Amino acid sequence: MIDSPPLSAATDAPALAPSTPRAEFIAGMKATIPLIIGAIPFGIIFGALAVAGGLPPALPLALSALVYAGAAQFIAIGLLASGASIPVIVLTTFVVNLRHALYAATLAPYMKHLPQRWLVPLGFWLTDETFVVAIQRYQDEKPSPHKHWYYFGSALSMYVNWQLCTLVGVIAGGAIPDPRSWGLDFAMSVTFIGMVVPMIKNRPALVSVVVASAAAIAFHGLPSQLGLLVAAVCGVAAGVLAERALTPKTQT
Amino acid sequence: MNELILVIGMAAVTFGVRYPVIVLVNRLPLPDSVFKALRYVPPAVLAAIIAPTMLMPAGQIDGSPQNSFLVAGIIAIVVAWRTKNLLLTIVLGMAALWGWRAVLGT
């Protein structure tokens, strides 16, 4: 159902280009390795929890393959177990994934030149992890006409890993006694810590992170992880305001 | 059958907040200030995901040393800050979690 980007484009690069599509693709995969390691326990736990909760094995596999949104998948199997109706689960998925709209809006200007056959798969593969990897490459000063190949390398390796981990979890299923008790779900949090700390390069970024954290705690009680979205908006607003307050008025 | 509808519905709304936004943002003339603001999206969203898992693992705020997620999270932050090494942060963060739990005897 997903068009794969044309591999033949790899041959179009001039010989003296600063980076080839192939080099970008491999660099994107490499940059994603730590995130893959962080996601492995998360994916296995997802598959295991789903079958342990009595769901048919095909369901977690289909969710991973076709929805491909870790947090929303976890919430969906939790809601299914608690007997929530399908419209409620779909609506919750929408709210939980709204942050991806922020990611998409952030990446969009860099993807202006790409044809649909690239935008469709890259859009489908947009996750927290691949967003962070791709945006760092796009904002990197080293120019390249092939930065979307970096995104592609990151996205594809993350996607394949997620499918394999879900499968392992589904197969291991009942053999893992209470997977959450090991604290393996914390692997995702330490991964995100390792990503966010280097982003704090100036005071507005620090303000943004502190305000977003405080707001996430304050609004944690909101349903469907709406608090996450509110906190993200607070953090972005705080960053912008801090930037305005802290920079001399050379620009408006 | 119900499961099929669920998967299709979830897939549709998830794809719907990803791909169409990329296309729309590039077709609508948005002011520069919007794009400047979007630079704060990555740190703000990640911080908002992390903070509750560290500070309220059981649903309410737990600032005590008994909260192994908080202790391990702080150690991971220090490692990330000093080394800027993602893999090392993950490895030492998880080691800190299990180590601190062993210390606490839980």
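All values reported here derive from a predicted model rather than from experimental measurement. Below, chains carry the letters A, B, ... as their sequence lines are ordered, and counting in each starts from 1.
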Give the member of [options] that has the highest number of heavy-atom pairs under 4.5 Å with chain A.
options: B:L92, B:T89, B:L24; value: B:T89
options: B:V79, B:V25, B:I8; value: B:V25
options: B:L38, B:V34, B:V91; value: B:L38

Heavy-atom pairs under 4.5 Å with chain B are the metric here; pick the option from [options] that has the most.
options: A:L126, A:L114, A:V230; answer: A:L126
options: A:Y68, A:Y103, A:F186, A:F131; answer: A:F186
options: A:P109, A:S189, A:A108, A:A212; answer: A:A108
options: A:L59, A:T106, A:L80; answer: A:T106
options: A:A215, A:A72, A:A105, A:A69; answer: A:A105

Measure the spacing between [atom1] of [X] and [atom2] of [Y] and express it to the nearest 0.5 Å.
X: B:L87; Y: A:I37; atom1: CG; atom2: CD1; answer: 4.5 Å
X: B:I22; Y: A:L107; atom1: CD1; atom2: CG; answer: 6.5 Å
X: A:I86; Y: B:E3; atom1: CD1; atom2: CD; answer: 8.0 Å
X: A:K112; Y: B:R27; atom1: NZ; atom2: CZ; answer: 11.5 Å

Contact part of [X] toward chain B, heavy-atom cut-off under 4.5 Å: side chain, backbone, both or neither?
X: A:H100; result: both
X: A:V240; result: both
X: A:L55; result: neither

Contact summary for [X] and [Y], nearest pair of heavy atoms:
X: B:I90; Y: A:P34; result: CD1-O, 3.2 Å
X: A:M111; Y: B:N26; result: C-ND2, 4.0 Å
X: B:G9; Y: A:V90; result: O-CG1, 3.8 Å
X: B:A48; Y: A:A216; result: O-CB, 3.4 Å
X: A:V236; Y: B:A44; result: N-CB, 3.9 Å

Given a strict heavy-atom distance threshold of 4.5 Å, which part of B:I77 is in contact with chain A: side chain, backbone, both, or neither?
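When you check distances to chain A, atoms from both the backbone and side chain of B:I77 fall under 4.5 Å.
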Under 4.5 Å from any heavy atom of chain A, what part of B:I61 do you find: side chain, backbone, both or neither?
side chain
Evaluate B:M10 against A:F94 for side chain to side chain contact (heavy atoms under 4.5 Å, CB included), listing each step before the verdict.
CA-CA 8 Å; B:M10 286 179 66; A:F94 174 72; over 6 Å; no
Working for side chain to side chain contact (heavy atoms under 4.5 Å, CB included), residues B:I49 and A:R99
CA-CA 11 Å; B:I49 295 173; A:R99 69 183 187 284; 4.1 Å; yes
Check the pair B:V21, A:L102 against side chain to side chain contact (heavy atoms under 4.5 Å, CB included), reporting the backbone distance first and the verdict last.
CA-CA 8 Å; B:V21 177; A:L102 292 178; over 6 Å; no
Contacts under 3.5 angstrom, residues 190-204 of chain A side chains, donor-acceptor by atom type, not counting sequence neighbours:
| unit_1 | atom_1 | unit_2 | atom_2 | d |
| --- | --- | --- | --- | --- |
| A:T191 | OG1 | A:A187 | O | 2.6 |
| A:N202 | OD1 | A:A205 | N | 3.0 |

With distance as the sole test, does A:N97 use its side chain to make a donor-acceptor pair with the main-chain N or O of B:T14 at under 3.5 Å?
no
So the side-chain hydrogen bond (donor to acceptor under 3.5 Å, both in side chains) pairs with at least one residue in residues 35-46 of chain A (sequence neighbours excluded) are none
Is B:K84 atom NZ crowded by more than 12 heavy atoms from other residues, nucleotides or ligands, each under 6.0 Å away?
yes
